[in-house]
Amino acid sequence: LEEALIFEIGRPDTSGVDLPAPSAAKARLGSLARKAPLGLPGLSEPEAVRHYVRLSRRNYSIDAGLYPLGSCTMKHNPRLNEKMARLAGFSDVHPLQPTSTVPGALELIGEVGRWLTELTGMAAVAMSPKAGAHGELAGMMAIKAALKARGLDKPVVLVPESAHGTNPATAAAIGFEVRAVPARADGTVGAADVRAAIDERVGAIMLTNPNTCGIFEPEVAEIAAAIHEAGGYFYCDGANFNAIVGKVRPGDFGVDAMHINLHKTFSTPHGGGGPGAGPVVLSERLAAFAPLPFVRVTDGEAVLVENPEDTADGETPYGRLTAFHGQMGMFTRAYAYMLSHGADGLRQASEDAVLSANYLRACLSDVMTLPFPDHPSMHEVLFDDRFLDGTGVTTLDFAKAMIDEGYHPMTMYFPLVVHGAMLIEPTESESKAALDLFAATLRDLVFAATGGDSERFTGAPRFAPRRRLDETRAARSPKLRWDKPAAAE
Amino acid sequence: LEEALIFEIGRPDTSGVDLPAPSAAKARLGSLARKAPLGLPGLSEPEAVRHYVRLSRRNYSIDAGLYPLGSCTMKHNPRLNEKMARLAGFSDVHPLQPTSTVPGALELIGEVGRWLTELTGMAAVAMSPKAGAHGELAGMMAIKAALKARGLDKPVVLVPESAHGTNPATAAAIGFEVRAVPARADGTVGAADVRAAIDERVGAIMLTNPNTCGIFEPEVAEIAAAIHEAGGYFYCDGANFNAIVGKVRPGDFGVDAMHINLHKTFSTPHGGGGPGAGPVVLSERLAAFAPLPFVRVTDGEAVLVENPEDTADGETPYGRLTAFHGQMGMFTRAYAYMLSHGADGLRQASEDAVLSANYLRACLSDVMTLPFPDHPSMHEVLFDDRFLDGTGVTTLDFAKAMIDEGYHPMTMYFPLVVHGAMLIEPTESESKAALDLFAATLRDLVFAATGGDSERFTGAPRFAPRRRLDETRAARSPKLRWDKPAAAE
Amino acid sequence: MRYHPLTDADRADMLARIGVSGIDALYADVPADELLAGFLDLPKGRGELEVERVMGRLAAKNLVAGSVPFFVGAGAYRHHVPASVDHLIQRSEFLTSYTPYQPEITQGTLQVLFEFQTQVANLLGMEVANASMYDGSTGTGEAVLMAHRLTGRRKAVLAGGLHPHYAAVVRTLSEMAGDAVVTLPPDPTATEDLLAAIDAETSCVVVQTPTVFGHLVDLAAIADKAHAVGALLVAVVTEVVALGAIEPPGAQGADIVVAEGQSLGNPLGFGGPYVGLFATRKKFVRQMPGRLAGETVDAEGRRGFVLTLSTREQHIRREKATSNICTNAGLCALAFSIHLTLLGEAGLSRLATLNHQAAVALADALGGIAGVEVLNDTLFNEFTIRLPGDAAALVERLAAKGILAGVPVSRLLPGAGLDDLLLVAVTETVTPEDRAALVAAIRAAI
Amino acid sequence: MRYHPLTDADRADMLARIGVSGIDALYADVPADELLAGFLDLPKGRGELEVERVMGRLAAKNLVAGSVPFFVGAGAYRHHVPASVDHLIQRSEFLTSYTPYQPEITQGTLQVLFEFQTQVANLLGMEVANASMYDGSTGTGEAVLMAHRLTGRRKAVLAGGLHPHYAAVVRTLSEMAGDAVVTLPPDPTATEDLLAAIDAETSCVVVQTPTVFGHLVDLAAIADKAHAVGALLVAVVTEVVALGAIEPPGAQGADIVVAEGQSLGNPLGFGGPYVGLFATRKKFVRQMPGRLAGETVDAEGRRGFVLTLSTREQHIRREKATSNICTNAGLCALAFSIHLTLLGEAGLSRLATLNHQAAVALADALGGIAGVEVLNDTLFNEFTIRLPGDAAALVERLAAKGILAGVPVSRLLPGAGLDDLLLVAVTETVTPEDRAALVAAIRAAI
């Protein structure tokens, strides 16, 4: 069944909201009262509910099935967290109410910050970044501010080839020059390569650990030492923090700044692409540069520091990142998740995520190809497409065939350092039975591909709301909005 | 994709609920401490959420599509009502808290009762019946109690042939004898037929109005007069009240008792088969016999009358129907619906329901056959299967083919007075575009059937979670529970 | 109006297509003098904001159980329900679906009911269960009628520990149907001689465990006596969490077990909607009231579920139906089933133990107050205390101080001379601080 | 732990299959001395009941906006959100889905984004919009960067009516990137000469309407001046409900329009998550940051939607990307879109009128108090008053009495010498009684 667009079924004079009739009072809009219609369709409530329910049924979701998107961490989203976020004491308070009327909200921000610094072994945290990439920006800004405060002209940032694209984009956005560090054949970054790339112009390194190949960087401590010796800072991309929570602290291997994707590690819902939250933890060396606003906890009392005028000695914030205090709605969800798990449950979650990834690796490595067999996987296992050589089936075809088996595909073609990468992250939320069924299904697909049934792949998906969509056409002649069709007379 | 049973995937030692460890304190269970396992599987929360989400996706629902089940009134269920029902002041209060601590709850019950009596033109209401059939029971008990109080031995109840099966079942359950009244060729009950059936042993008549054929009984006032003249009472089945709210009051055409399906007329959700709520309104002649408990409103103050000891002069309740005060959670939803609609909106809802049914009738009556063309339809239009004569397609086949077109079928084979009945109730919740599409789809199906494509019908449904299910087998060797399969050695 | 998709233009078009001049032409069968001219004496429609204000004001007048130390039970219990339960039952596909008459597109509801039936049967220790009743009290009434049908007798004996409201429901139904009911006197001390009341005319004996006064009942001897005279034992459970700790009635010889399922998955809700559990032996299934889901296969041989044995029901058998019940408590049954699935056997056992230990601790503490007597040797999570004065008055005084102390027996049995008795319930939601507050308040008040 | 399906037995089986003796063998790449031996200094896990208690206590410490007369705005507004919005965004299929990388199984999200983009473009009076930004303030920062890319210039001019937080965000980003920013002084009386600040080095001028002080700005003259010197006009709207009543920025010549979308569909939430709207002219689309959904067809020719123009994005272009943004505000955008669909054009217009009339009524009433001056000739639903004393102190005093009177300008602009100014916002959720309470309280307090 097709579902039309709201513009095709809505009417400008229909409303699904009943409002009292305004009085005839005089407006005070000067010359700016609106003159023309906007073109916004309305639906009655029954129509609107049906429209969105029907649309939702064309989505895959964690709640409906395993969602093994490597590096995206599609773990279970507890409903308790949604309930807690909707407590009126959190959801119905204004960011600019007098702070005397929101002590509980400030205390919660302080508490989430305390958990994050304790779990990472860091000195401070900036809570306001709105998502992972925003946290990266915040962290790199702190590094830039620190370099400036120390009077250093070190405009170069080292970024490994295997890094997520946001790393170079972030560094470039605030004027750093990006210098690539090659990846080694075993999927890791070598301390020697880093040392070789460091010169006096290098102010920082951005490294993801566990890295995008799903491997814990074995030389991360040496790399940290190298950049520190050179007077620079170590930015760690925390996208994969969920593999090591409670097992090892980034502060212990020399990290100076790391953003934390609350939606990945602490299970705030992905919501079809956001909202996220990206608090960034900072080492002692960077703590003074945390941006405004921040919550300072002294003797158990949480104080909101919003303006340079409010700062204490030693606090030298480099500015403001966003209008208000951060993604409070995500903090409440993450805090419910933290309290529910506790120190024990968080460690168990990391261990189970790693265990599940390695279990899938064990179940599949005889039929799929591992580019980096020398290291155990962390929470995700990376395969490449060598096992498809000669089959006429591409990584993309393979992924689309998984859809027909009822699964969301894994992450494909990332990281770029591997040809035809397939990155599988089962998370800790899957039962052994679910993992076994998934592995068996993948094995069947591999045998089908190597057995010559390429049509099953190139024609996929067949059992989805849509067959293969033409992405080239979408990009070549972009149609980015609905326009009223020319009248068909 | 199949979804296993919880007994096949669950484990007795797995729990999706974390509870603190009990202490080692001594139990006081006497000799009755449990000795054997119960056989209850547990699922972790992610597994449980996925199980139920997947199961839900095998259901049709109003939110996903038009649900034209005649006599069932599948109208839109506003989410505001769900929100209101969950206010802690309603959902988290105990029925046996001191009444001094629940004045708002009692006031709400009183208010819902006031709306119901005003809308029906009746004197009193018993709020505690748990569903429509329970309300019928409550109403017929009131009639029985009134007959007894007046010393009358009138054990016979007249029930038209077209009545819903609950009517005779209810009358029989409390010891009435059921005597059938024939239906006339035009689908209505004749006052003359009723008069002919009345003798001194007749204590009541049960009539549905609008009736099960979707027609307002034109002689209802005369029928009421006839039974009243004979010293009996008029029970009106209120299942179809939603056609006439705000248009005509049952009290005005002589009704003595009528249950109201809150889930039909006032849109509390059907929930896959309940819970319902069936308050029964009573005329002056029956008001004194309302069962316990009830809410008495005096000078704006709502008082709960729970025991015979609490009754005032003239209150002669015949007993208690259920443990507590009725379906409070449904009252809150219905009250939100009443307040939202108001007197104007309720009348509009009835009119739109009737308009939509007659519109479908107009769109379809040239290709489908109307058994009773002489009266306008009320909120539902009844077709029969003559238009399928000679096609090899049964009413059931036709219904199953509708499933393949994305629709829930209409009510089939009810009422029994018509061969191959198809009763279509679109409700007021459908847009004209939705009605037009539905009518066009039905027309296509009719043409397919008369055009000889019977395989499209007999093989339906094809595009549903299951093909045609074997109901005979289920009834012949009932399998009503899961049993552990014998070990496959 | 936000719920009405039709516009005035649509209405005019539709009337034209129908071929009538106005909507009232479609009401032609209504006598003209009965058709209402204006609106009834009720307010006009309101927006969401206004409705929320009105209902919010009403809700705010009530003392919320969760906001105070809370010990009220007597047939409805305040347990913690996991957030996922309420989320899942609000899925459109569960919430806005009808009774599963078209099984091919309602397998979700049907499989849930099949799972529910199995869970209930296992929990109660019986062979088969139906797809739920309105609540425990009406289910008890239906159980008595079923016993009449099975035995051909028409006299039920109700134990003195049966919830007085349940007894009243049975009596109302029986009196109307012309059947006999023997109700034994209230039995707060668990000392009645029930066996003596069972005779050869008895169709069934109805026994609640734990009783309304909190005592656990050993059903085996009662079952033996009943069976010896050809009668049936109907066991009633109003607090199903107890079954995590005590022997199920089925294991003690009950023929029909009825329970109130509210404790799992469902809020107190001022008394409803709740969910009745109803289970029996396999051989009695065709006399069992209520809906049933059964397993079958589809045209391709795949497992599927349907409503079955509907020949017992009123829409086929009309005045010969097993009962007039037409719907069950679908959504409440779903909530029950999800909660029980989340708990699992291990969780239910632990939950029961927590309830029991908290109740024992409170009973011991209250028993330590001079002038207060605990009447229970055995108990699960509720018990009866004798106070030196009127229990209802004490409850009112404590309510004014923000403690909901329990149910005075006089509320359930006015005029029975039991005005000094108080029922006190304790669940996992009661904290040690709550218990201490109650003990201190009672000590201070008497 | 309730969220972990693996049992200890499963774990042992899985380790055996992997061929390692224990979980730490999988952490072999972590230097042994860094692997934590015990648990960190944090509490152990807790059940739902306990978590609800902890968080309930924190929540209860805050003064809930809806519980008091409430006049706080300045970039976040308390509007009534229909219940169906929150219900729908909690559908599993929306809530627990990821960025729609696999379009064949995420058409739900993609169609919503396509509809959202069209709604936003129409609302702002522009040609194209993206699939949302984090919020209005970060969107403003991105707009300035986009203007730099389009003009090849690196100096932005910020009007004195721009929300001080937005200005700070732009400055932070610009300073870090080495770009220039000219921030005009705060303009509470709407008397600044903005045109004079625009010169040939200006990449863009950033103007908010209504301004943070509530004045409506006629953008046409500013657009003309900007265009004349080759600069762009970036218009900012922090209260989108205003667009139901006033001319959209697109109709007044804006080149980029950024807005905070929180007012529709999203709660105050102590500041986030919110949703940034971002729209521009079609010719600028390849320099626009953020995700975009576009229409295409599938292999059978059916209409479908995909994420498109991703070559602008960081996962393809890396350090040459249009921005480093990787996600949008998907769920908040969904809420916005549903609310706007429910309102429709007629509903939005009426909502705007109700807001405006209530604000005008309050401004008139406050202006009638001796010693209080209203600074606005024009306004939408927020305005500025001058008090005879310190506004922040007054706000504190009124808060203690249960009235949240507004935002003191000193909160946003400490040290600017505007301590006697108060921003007062009024929406449809404010009752006449609330307004009267504020008037009386201010009259009494000064």
Side-chain angles (χ1 to χ4, degrees), chain B residues 12 15-17 22 25 30 32 39-40 42 52 55-56 58-63 87-89 91 94-96 101 104 130 133 165 168-170 172 174 178 216 218 271-275 309 319-320 323-325 327-329 339 342-343 345 359 362 376 431-432 464 466-467 474 479 481-482, chain C residues 1 5 10 14 18 26 29 39 42 44-45 51 58-59 61-64 72 88 91-93 96-97 99 104-105 107-109 118 122 134 137 165 168 172 176 216 267 270-273 294-296 298-299 304 308 314-315 318-319 321 324 326-327 329-331 342 344-345 347 353 378 414:
Chain B
S15 186
V17 178
L32 293 165
L40 295 172
Y52 291 103
L55 285 185
S56 77
R58 299 166 160 232
N59 268 7
Y60 195 91
S61 66
I62 317 168
D63 279 3
L87 290 173
S91 68
H94 192 288
L96 297 175
T101 65
K130 297 242 148 195
T170 298
I174 55 172
V178 174
F216 189 93
E309 287 77 0
R320 173 180 279 274
F324 302 117
H325 328 314
Q327 305 286 66
M328 180 70 177
L339 292 176
Y359 180 68
S431 69
K432 181 168 177 294
R466 282 289 177 276
R467 301 294 298 272
K479 186 152 193 280
R481 54 166 292 149
W482 180 84
Chain C
M1 209 273 143
D10 291 333
M14 291 163 73
I18 295 166
L26 299 174
D29 285 326
F39 293 117
L42 292 165
K44 291 283 166 56
V51 174
L58 285 178
K61 290 182 184 179
N62 306 318
L63 183 60
V64 173
V72 187
L88 289 167
R91 290 271 304 166
S92 287
E93 293 86 344
T96 77
S97 190
T99 303
E104 295 86 357
I105 48 174
Q107 284 295 299
T109 294
T118 309
N122 288 2
Y134 302 143
S137 67
H165 287 174
T172 301
M176 283 287 170
L216 306 190
F270 201 53
E295 183 179 319
T296 187
D298 79 353
T308 192
Q314 74 305 120
H315 57 275
R318 300 175 73 87
E319 65 263 36
N324 83 324
C326 192
T327 56
L331 210 60
L342 282 166
E345 180 126 2
T353 304
T378 60

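Computed from a predicted structure; not experimentally measured.
Looking only at heavy-atom pairs under 4.5 Å with chain C, the residue among Pro376(B), Gly89(B), Pro95(B) that has the most is Pro95(B). Considering only heavy-atom pairs separated by less than 4.5 Å from chain C, the leading option among Pro168(B), Ala362(B), Gly319(B), Gly16(B) is Pro168(B). Of the residues considered (Leu63(C), Thr378(C), Val51(C), Leu58(C)), Leu58(C) shows the highest number of contacts with chain B, using heavy-atom pairs under 4.5 Å. Put simply, of Gly273(B), Gly342(B), Ala169(B), the one with the most heavy-atom pairs under 4.5 Å next to chain C is Gly273(B). Contact count against chain B (heavy-atom pairs under 4.5 Å) is highest for Pro273(C) among Ala168(C), Pro273(C), Gly304(C). In terms of non-hydrogen atom pairs under 4.5 Å with chain C, the most contact-rich of Gly165(B), Pro275(B), Gly272(B) is Gly272(B). Put simply, of Thr327(C), Asp10(C), Leu331(C), the one with the most heavy-atom pairs under 4.5 Å next to chain B is Leu331(C). Considering only heavy-atom pairs separated by less than 4.5 Å from chain C, the leading option among Ser91(B), Ser431(B), Ala464(B) is Ser91(B). Between chain C and the options Gly30(B), Gly39(B), Ala172(B), heavy-atom pairs under 4.5 Å are most frequent for Gly39(B). Heavy-atom pairs under 4.5 Å with chain B peak, among Thr109(C), Thr118(C), Val64(C), Thr99(C), at Thr118(C).
Contact detail for Tyr60(B) and Ser97(C): the closest heavy-atom pair is O-OG, 2.8 Å. The two residues Ser61(B) and Ser92(C) make their nearest non-hydrogen contact at CB-O, 3.4 Å. Annotation for Thr96(C) and Asp63(B): closest pair OG1-N, 3.2 Å, computed over non-hydrogen atoms. Closest of all the heavy-atom pairs between Pro22(B) and Thr353(C) is CB-CG2, 3.6 Å. The nearest pair of heavy atoms linking Pro414(C) to Glu309(B) is CG-OE1, 3.5 Å. Looking at every heavy atom in both residues, Gln107(C) comes nearest to Asn59(B) through N-OD1, 3.8 Å.
When heavy atoms are compared at a cutoff of 4.5 Å, Thr308(C) approaches chain B solely by way of its side chain, counted from C-beta outward. In this structure, chain B has a heavy atom under 4.5 Å from the side chain of Met1(C), while its backbone stays farther away. The part of Ala321(C) that comes within reach of chain B is its side chain, from C-beta onward, which places non-hydrogen atoms under 4.5 angstrom from that chain. For Leu87(B), the part lying under 4.5 angstrom from a heavy atom of chain C is the side chain only. Contacts between Leu88(C) and chain B at a heavy-atom distance below 4.5 Å involve the side chain alone, from C-beta outward.
If you check the side chains of Arg481(B) and Asn122(C), you find a donor sitting under 3.5 Å from an acceptor.
With contacts defined as side-chain heavy-atom distances shorter than 4.5 Å, the pair His325(B)/Phe270(C) qualifies. The shortest side-chain heavy-atom distance between Lys61(C) and Thr101(B) does not fall under the 4.5 Å cut-off. Inter-residue side-chain proximity for Leu342(C) and Ser15(B) is flagged as unmet; no heavy-atom pair is nearer than 4.5 Å. Side-chain contact between Arg467(B) and Glu104(C): absent, with no pair of heavy atoms (C-beta onward) separated by less than 4.5 Å.
Asp29(C) places no side-chain N or O within donor-acceptor distance of the main-chain N or O of Pro218(B), the cut-off being under 3.5 Å. Between the side chain of Asp298(C) and the main chain of Arg466(B), no donor-acceptor pair closer than 3.5 Å is present.
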- Mind running side-chain contact (heavy atoms from CB on, under 4.5 Å) on Tyr52(B) and Arg91(C) for me, showing each step along the way? CA-CA 9 Å; Tyr52(B) 291 103; Arg91(C) 290 271 304 166; over 6 Å; no
